[in-house]
There are 2 protein chains.
Amino acid sequence: MATKILPPSDSAYQYPLLIKQLLHSSQRFENNNPIVSGPHRFSYAQFNERVCRLANALKAAGIGPGDTVAVMDWDSHRYLECFFAIPMIGAILHTVNIRLSPGQILYTMNHAEDDLVLVHDDFVPIIDGIKDQLETVKGFIRLSDESQSPSSEFPTLGEYEALLAQADVHYDFPDFDENSVATTFYTTGTTGNPKGVYFSHRQLVLHTLNMVNMLQSRSSEGALLNHDGVYMPITPMFHVHAWGIPYAATMMGVKQVYPGRYIPDELTRLIREEGVTFSHCVPTILQMVLQSSEAPDTDFRGWTVIIGGSALTSGLAKAAMERGIQPYSAYGMSETCPLLAITRMGKEEHALAEEDQIGWRIKAGLPSDLVDIQIWNPEGEVLPHDGKSTGELVTRSPWLTQSYLNEPEKGDELWQGGWLHTGDIACIHPDGSVEIKDRIKDVIKTGGEWISSLELESLISKHAGVSAVTVVGVPDERWGERPFALVVPNCEDLETESLIEHLQQFVDDGTINKWAIPKEFKLVDDIPKTSVGKIDKKLIRAQIS
Amino acid sequence: MATKILPPSDSAYQYPLLIKQLLHSSQRFENNNPIVSGPHRFSYAQFNERVCRLANALKAAGIGPGDTVAVMDWDSHRYLECFFAIPMIGAILHTVNIRLSPGQILYTMNHAEDDLVLVHDDFVPIIDGIKDQLETVKGFIRLSDESQSPSSEFPTLGEYEALLAQADVHYDFPDFDENSVATTFYTTGTTGNPKGVYFSHRQLVLHTLNMVNMLQSRSSEGALLNHDGVYMPITPMFHVHAWGIPYAATMMGVKQVYPGRYIPDELTRLIREEGVTFSHCVPTILQMVLQSSEAPDTDFRGWTVIIGGSALTSGLAKAAMERGIQPYSAYGMSETCPLLAITRMGKEEHALAEEDQIGWRIKAGLPSDLVDIQIWNPEGEVLPHDGKSTGELVTRSPWLTQSYLNEPEKGDELWQGGWLHTGDIACIHPDGSVEIKDRIKDVIKTGGEWISSLELESLISKHAGVSAVTVVGVPDERWGERPFALVVPNCEDLETESLIEHLQQFVDDGTINKWAIPKEFKLVDDIPKTSVGKIDKKLIRAQIS
């Protein structure tokens with residue numbers, strides 16, 4: 001393409017998209033909104049100073065451009081400072097998934113070639129156990145919430161707050177290539193070792209601009225988050241940068257609340273006392289907040305929550321709305337930074353009757369701006385957006401991991417045909433909304449038909465006696481597979497017959513076929529979850545067989 | 001900087017920032033909002049089809065990547081289609097300033113090396129007059145609002161609608177380098193020929209993402225524009241792409257109204273009948289709308305207007321607010337795409353008393369996200385943000401023209417020291433807000449002091465008998481310069497003594513010094529304007545001397 005590209009003036013500034021610009025945007029005006037974390041309340045001006053101090057402390061610890069710094073912490077002001085200071089000096093932030101097994105954590109730290117580790121007191125025992133096998137780590141910084149840190153078996157450069165107190169408050173953050181890697185973290189698949197994804201400054205800046213747009217869009221009935229709002233993440237900051245929303249919230253200069261370790265009563269108290277207006281989490285956490293002992297005394301009206309990670313069920317959406325909460329859905333994955341789609345509510349959607357509104361809210365939402373989404377059949381043909389054709393959701397956007405860290409062959413598989421393969425089965429409705437039917441590997445193949453385990457879960461969850469449910473496919477001699485349901489009842493007398501009767505009405509009205517009624521219902525106290533709080537269907541299938 | 005840059009997977013899609021993505025974002029969901037222009041009402045789906053048809057028509061006319069297509073039209077659906085189709089095929093859109101003299105228009109068309117010209121019936125006489133001197137133009141397409149076009153002295157390829165009707169509705173818009181030039185247009189300085197500025201796809205996409213954020217930000221009392229809003233530009237589309245807001249509005253998928261040639265009664269009727277909620281214009285146009293004969297019968301409540309180009313005076317802000325209009329200010333220039341700063345109103349600002357709120361609204365606003373602004377003294381030293389220190393406003397952002405078209409030496413001057421020089425004198429307040437004091441060339445140097453002509457105009461405009469005012473410096477033997485005021489009275493008995501008495505109170509309270517009282521007040525019917533509606537101080541100074 002012989003388009004015209006003109007040379008800039010020799011003195012023109014070539015503006016790179018760098019994370020420092022996100023921070024500076026909120027520094028350009030006086031801002032009374034605090035950043036709250038435990039006993040701390042920092043102004044944005046103080047926060048900016050602390051980011052400079054951290055940069056100087058990292059430099060003093062020998063960290064420079066291209067080095068990797070691992071962080072093991074609960075959601076805190078420190079973590080937010082690391083989100084900025086580490087990439088801003090040209091280094092790479094490795095957000096360690098502290099819910100992995102020590103062996104997996106060791107694997108990720110060696111694989112990412114971490115140079116320095118910032119470790120919270122609570123995770124010192126993990127490091128004590130693996131320290132002799134860490135291949136690249138040259139030092140440790142302790143993160144303490146108490147004045148007296150428990151002892152460790154490894155030497156450290158000091159405690160975070162003490163190091164910051166000694167450091168200079170000025171740091172001249174340099175410009176560099178916007179394609180420099182800013183962050184990395186690991187995603188656990190069904191088999192093999194965790195895989196590393198990575199994102200550049202350019203990708204994170206574009207994701208943030210887009211996230212801010214999405215948080216504010218279709219807002220005649222109020223934005224999800226605006227400058228007057230109060231933000232508290234309840235998706236761990238090690239999990240896809242808490243969906244990248246701390247970057248968005250910081251650019252917007254809003255009040256932010258970091259809740260530390262997630263304790264349902266404490267989360268509920270923070271929502272009430274700090275006036276939180278906006279959060280995001282997996283369904284389980286919302287359920288835990290609603291069932292916390294603080295919940296009955298808490299007015300949840302004015303709290304908006306985006307649900308992701310697992311699908312929002314209509315049952316949970318209804319329960320949330322009954323408490324005055326505005327539930328939304330968002331869709332994405334570690335590989336996608338993560339935002340691909342999000343519920344948008346305008347005048348028309350807010351005017352819908354409750355049942356229809358819940359139907360809109362529990363879909364995966366509308367594709368975000370700048371996100372291309374297609375549905376492919378197994379032959380790689382593009383399927384129509386008719387709300388019926390289902391296939392794998394593939395995508396392109398400016399913020400997708402460009403491969404897996406040091407595993408190019410897995411990266412090629414992810415990007416087969418020039419589109420990122422999500423591994424999700426979905427359909428797209430004529431109105432553009434995306435409906436995730438299942439993970440490819442969780443689809444139940446029965447009698448020549450595909451049954452969506454998610455759809456079945458949603459239908460079962462509508463039964464008044466069901467608190468939580470998950471469905472997996474189990475081998476069946478005659479039909480190939482049949483559904484098997486794990487149900488957490490919310491009463492003592494829930495019977496299988498009642499569940500079958502409940503599902504029969506959906507067979508009768510054509511929503512599902514008769515093979516979709518599970519072969520077996522098992523009543524349980526709890527559903528097994530993965531380290532990031534998702535339902536662990538792999539484990540469930542293993543336990544059943 | 002040895003940051004880490006990792007190679008992407010061979011099959012990973014390298015997502016370029018291209019204008020087509022802005023259009024596709026609003027195509028991803030069903031959209032009932034129309035694009036209104038004269039008798040036409042197009043859905044977004046139809047609009048998308050028309051953009052494809054136009055691309056095919058351009059191709060049939062021999063236009064390809066790197067070619068330049070000039071447009072001479074009033075604000076119409078056609079112009080919006082050109083905003084997309086021309087850059088999307090890799091060509092360059094030249095938005096011709098139809099208010100320039102025919103000689104200047106000829107200069108810009110030759111200088112931009114236009115290949116094809118789309119010309120509205122009303123501008124055919126201009127082309128008739130210059131056609132023999134056009135050096136690069138190979139063809140013309142006529143734009144007609146009537147079924148029968150008046151004749152021209154030059155051959156044309158046909159009429160726009162007829163060409164679109166013949167063209168195919170499919171076009172596979174290619175990917176190319178995001179740094180390709182997308183648009184160009186000319187800015188008239190005080191001396192010499194018009195200068196060409198130019199913007200790349202990357203710059204326009206980033207400007208649009210930022211514009212959408214700004215239109216939606218600080219919106220607890222309602223965004224400037226959201227998905228449920230109705231947009232009508234009243235800044236010509238040839239003037240810095242109507243501030244780039246048609247791109248933002250299209251990405252947001254809102255209802256858009258294109259008013260054709262600006263006729264105050266017609267604008268007012270459209271605001272009323274189409275339910276327009278958001279516009280932007282120069283002060284003069286807002287004044288014309290408020291004074292139109294349709295105005296008394298029009299309910300302006302719910303109409304938000306950004307004022308730019310010239311400063312919003314407190315008098316006009318007050319008059320607008322009395323009619324229920326929400327006036328805002330924005331600041332930028334042709335070289336800056338244009339957005340640099342914009343009024344933002346949150347909870348706190350909306351709670352201000354009227355006088356203070358007007359004070360907030362008439363400032364140039366807060367710097368936009370990703371915009372760096374500094375104030376330099378003549379020695380190039382950075383001045384503090386204390387609300388007092390004044391100097392030249394210099395800036396960096398991702399959407400600034402990187403030079404002047406084919407005039408690198410002028411580009412170097414613009415970018416002296418790696419910052420774009422606006423030629424505006426400003427101060428920055430501790431709260432981050434920008435206050436433009438004057439154009440460097442309009443500052444009045446008297447008795448060793450600098451007097452801001454804008455500040456003086458604002459103070460004089462507060463006099464109840466003043467409808468409009470402009471102040472220039474005139475030579476003065478004793479003081480170097482003295483202010484000279486042109487005043488449009490709104491009553492028959494306005495006297496100079498009353499104006500002097502009015503200003504004396506601001507001398508007494510220390511707002512201005514006594515040299516700031518103009519040497520002479522001249523009562524006039526009208527104030528001379530430039531082609532884009534700005535006050536023509538150059539002409540005024542020439543007429544006085």
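In the text below, chain A, chain B and the rest are named by the order of the sequence lines, each starting its count at 1. What you are looking at is a predicted structure, and each value in this text was computed from that prediction instead of being measured. In what follows, every heavy atom counts, from backbone to side chain, and hydrogens, waters and symmetry copies are set aside.
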Among the listed options [options], the residue most often paired with chain B at heavy-atom distances under 4.5 Å:
options	value
P408(A), P16(A), P65(A)	P65(A)
T68(A), T3(A), T401(A)	T3(A)
D175(A), I89(A), V181(A)	V181(A)

Summary of salt bridge (charged side-chain N to carboxylate O under 4.0 Å, His left out) pairs that have at least one residue in residues 408-419 of chain B, sequence neighbours excluded = E407(B)-K410(B)
Salt-bridge contact D431(B)-R344(B) (side-chain N to carboxylate O under 4.0 Å) = no
inquiry  = Check D177(A) with R202(A), please: is the shortest side-chain N to carboxylate O separation under 4.0 Å?
reply    = no
request  = Please state whether the side chain, the backbone, both or neither of Y404(B) comes within less than 4.5 Å of a heavy atom of chain A.
outcome  = neither
query = Side chain, backbone, both or neither: which part of I92(B) has an atom under 4.5 Å from a heavy atom of chain A?
reply = side chain
Would you mind telling me which of [options] has the largest number of heavy-atom pairs within less than 4.5 Å of chain A?
options	value
L405(B), N406(B), N179(B)	N179(B)
L400(B), L209(B), L414(B)	L209(B)
A2(B), A12(B), S180(B), S403(B)	A12(B)
S397(B), P174(B), G411(B)	S397(B)
D10(B), L420(B), L206(B)	L206(B)
P7(B), G90(B), S11(B), G418(B)	S11(B)

ask   = For E178(A), is it the side chain, the backbone, both, or neither that has a heavy atom closer than 4.5 Å to a heavy atom of chain B?
value = side chain
request  = Check whether D67(A) gets within reach of chain B through its side chain, its backbone, both or neither, counting any heavy atom under 4.5 Å.
outcome  = neither
query = Is the centre of the H201(A) ring less than 6.0 Å from the centre of the F176(A) ring?
reply = yes
task = Spell out, as yes or no, whether a donor-acceptor pair under 3.5 Å connects the side chain of H227(A) to the backbone of V254(A).
result = no
